Amino acid sequence: MEKKKYEPVPLADKTSLSISNNNVAHTEETEDHFEEDWGKKKILRNLIVVSAAFFLLFTAFQGLSNLQSSINCDHGLGVASLATIFGTITFSALFVPSFVIKHISIKWTLVTSMCCYTIYYASNFYPTWYTLIPPSVLLGLSGAPLWAAQSTYLTTVGIKYSLMTKETRDVVVSRFFGIFFLFFQASQVLGNLISSLVFSHKQDADETTQSSFECGSIMAMTCQSGDSGYGNTTSICEETKPPKDLTNIVIALYTGCGACSALLIVFCLDPIKQSTKNKNRDTMELVGATLGLMMDRRVMLLIPLTIFNGLEQAYVQGDFTKSFVTCKIGIQWVGYVMIFFGVVDAATSFIAGRVEKYTGRIPQFTLAAVANVVLMIVMVVWEPTDDKPVYFIIAGLWGFSDAIWQTQMNAYYGVLFPYNQEPAFSNYRLWQSAGFTMSFAYSNFLCIWTKCLVLTLFLFTGMAGYYVTELKRRIKTPRGSMKSRASFSSLAMFKWKKAKDEELHVGNYLGTVDPVDL
């Protein structure tokens, strides 16, 4: 094979050796997932299947999450349900994903988790503390495996695709996550359209009752009443809660979406094999991989920003919809406002993944951070009015920043830890879920301005940690190496470096060695 540009280099040339070894491991690890040769069309088809299944599943979950603080507002049951879900995900992310994926495969992890989500949707037909909280725990236990399996699947097929097209791993993985989150964020549109169309039958008189309450950053909670957080919100709950028959129609449609998502994975998704490295580990080794990776300095630096990613999503779902939209202009507008949020989120997800190879991640992260800071200042100083376009503008800007956080954070974890995907995405889901849990846990006890302050502190700390990881990565990876990695795909080059590659894998199962660091 012709080697005009990339000739074998001396062993003393550490930089060139690290780049070559990166691609050796990268190819052999990727090929290990596939039972047969997958073409580009097959990879893209499976990418669409996964994305479509999550679109259906989260059409229900995101639509229902946006309504929980309004339809199950009695004594904070809806918010408590969401806090339980993400609190359980935080715990399960440590132990469950690697164990489940190892024993039932990536495909059936997706199916099983989607069935658990559907059970939770159905439990909302009769929402009490005894019927809603246990399914919330079940969903929480399945949430971490669901996302770990999804991220592992997309990263694996993305790396495989990059080898076929000779594009860099970073670009392809980022593009695949952009396509996925286009579908995922579009679920906001259908989920909220369902609720808006159904609840639009609610009496128009409800719109006029909203203006009698103080909303936004001075909503009647501890910042005004000084009580436990429920006293003055009881009357608001009674006035804004939709009729039960309309709620049941929405729940039935959401439950159907959940069931269809599981069936789509069962009949349309092609399975990929568990990697030999992970398949041969016992359960405690897999748990150890997740815990060990948690001590990696890159993960530690990204923890605050990952928590912020959970905090900002929970804020939109639990606080913006209740304290601003429902409180001032009515629950029938929640769906329409969040549809606009979803449209902007979906479009930005697709665009962000496409332009990443031109802009890089740093400008995108910085722009998202600036947008979030401006929005939080507005929410603290702004007193909500009946001017409906303002709510759409706020939702659209928040959707823009959320798309960047979700698309690029997922891709960044995959790029940093290509050979420890399951432990890496388990860590990502753990800390993101910790942010959700924190937000829903203090939702009934803190004022809006206090919540915005918490968000800002995590954002500033997280961005500082992110900049450090990017700086270290660029110092350790030569400028031309990102473009040259995809060119080391010939089998002759792989075999020539195979012996050295085996040396690189020593200790890798704990996440302490990654070829990009060498």
Side-chain angles (χ1 to χ4, degrees), residues 56-92 96 112-147 187 191-192 194-195 198-199 228-230 233-234 236-238 240-259 261-262 310 313-319 321-323 326 331 334-335 338 433-445:
L56 290 171
L57 185 69
F58 281 87
T59 286
F61 184 75
Q62 299 207 78
L64 188 56
S65 296
N66 294 335
L67 295 172
Q68 279 291 5
S69 60
S70 299
I71 63 175
N72 294 323
C73 53
D74 297 301
H75 300 291
L77 174 59
V79 173
S81 169
L82 295 174
T84 301
I85 289 172
F86 291 103
T88 309
I89 290 178
T90 304
F91 169 79
S92 69
V96 180
T112 304
S113 299
M114 289 175 173
C115 290
C116 294
Y117 271 69
T118 305
I119 292 172
Y120 170 75
Y121 304 154
S123 69
N124 282 267
F125 281 115
Y126 304 100
T128 67
W129 290 93
Y130 301 103
T131 60
L132 193 58
I133 299 303
S136 300
V137 173
L138 181 63
L139 188 153
L141 290 174
S142 65
L146 175 79
W147 282 100
S187 65
N192 290 296
I194 290 172
S195 64
V198 173
F199 289 141
S228 62
Y230 298 115
T233 61
T234 302
I236 299 178
C237 177
E238 293 174 352
T240 60
K241 195 172 182 179
K244 183 63 177 176
D245 58 335
L246 298 182
T247 300
N248 285 342
I249 293 174
V250 172
I251 300 304
L253 293 171
Y254 287 162
T255 303
C257 287
S261 68
Q313 291 181 69
Y315 179 86
V316 171
Q317 293 177 4
D319 293 302
T321 57
K322 177 178 69 174
S323 301
T326 298
I331 192 174
V334 169
M338 295 307 290
S433 299
F436 274 103
T437 305
M438 289 171 55
S439 182
F440 290 130
Y442 62 55
S443 178
N444 289 310
F445 303 97

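Everything numeric here is computed off the predicted structure, so don't read it as measured data.
Shortest non-hydrogen contact noted between Gly258 and Ser261 is O-OG, 2.6 Å. The shortest heavy-atom contact between Gly63 and Asn192 is CA-OD1, 4.3 Å. When every heavy atom of Thr59 is checked against every heavy atom of Cys257, the shortest pair comes out as CG2-SG, 4.1 Å. Contact between Ser187 and Gln62 at its shortest, heavy atoms only, is OG-NE2, 2.8 Å. Here the shortest heavy-atom pairing between Ser433 and Ile89 reads OG-CG2, 2.6 Å. When every heavy atom of Lys244 is checked against every heavy atom of Phe125, the shortest pair comes out as NZ-O, 3.0 Å.
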With side chain to side chain contact (heavy atoms under 4.5 Å, CB included) as the criterion, how do Tyr254 and Ser195 come out once you've worked through the C-alpha distance, each side chain's angles and the decisive distance to 0.1 Å? CA-CA 10 Å; Tyr254 287 162; Ser195 64; 3.7 Å; yes

Residues Gln317, Phe440; criterion side chain to side chain contact (heavy atoms under 4.5 Å, CB included); working and verdict: CA-CA 10 Å; Gln317 293 177 4; Phe440 290 130; 3.9 Å; yes

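Classified by interplanar angle (parallel below 30°, tilted 30° to 60°, perpendicular above 60°), the ring pair Phe61/Tyr120 is tilted.
If you take CG on Asn124 and CD1 on Ile251, they are separated by 4.5 Å, rounding to the nearest 0.5 Å. Note that OG of Ser65 is 10.0 Å distant from CD of Gln313, once rounded to the nearest 0.5 Å. Rounding to the nearest 0.5 Å places CD1 of Ile71 at 5.5 Å from CG of Leu64. Here CG of Leu138 is found 5.5 Å from CD1 of Ile119. Values are rounded to the nearest 0.5 Å. The OG atom of Ser81 sits 7.5 Å away from atom CG of Asn72, with the distance rounded to the nearest 0.5 Å. Of the inter-residue distances, the one linking Ile85 atom CD1 with Leu139 atom CG reads 4.5 Å to the nearest 0.5 angstrom.
Legend: residues meeting side-chain contact (heavy atoms from CB on, under 4.5 Å) with Leu141, ordered by chain and number and at least two apart, are Thr88, Ser92, Val137. Residues that satisfy the ring-ring contact (aromatic ring centres under 6.0 Å, His included) test with Tyr121, not counting sequence neighbours, are absent from this structure. The side-chain contact (heavy atoms from CB on, under 4.5 Å) check on Ser113 picks up Thr109, Ser142, Pro145, Leu146, with sequence neighbours excluded.
Under a 3.5 Å cut-off, the side chain of Thr131 and the backbone N or O of Tyr126 do form a donor-acceptor pair. Judged purely by atom type and a 3.5 angstrom limit, Thr84 has no side-chain atom pairing as donor or acceptor with the backbone of Ile133. Judged purely by atom type and a 3.5 angstrom limit, Lys322 has no side-chain atom pairing as donor or acceptor with the backbone of Gln68. A donor-acceptor pair is defined here as one N or O able to donate and one able to accept, closer than 3.5 Å; no such pair exists between the side chain of Ser439 and the backbone of Phe436.
Cys115 has its side chain out of reach of Thr112: every pair of non-hydrogen atoms, C-beta onward, lies at least 4.5 Å apart. Annotation: side chain of Val334 is in contact with side chain of Met338 (closest heavy-atom distance under 4.5 Å).
Around CZ of Phe91, the count of heavy atoms belonging to other residues, nucleotides or ligands within 6.0 Å does not exceed 12.
Two rings, from Tyr117 and Phe58, have their centers less than 6.0 Å apart.
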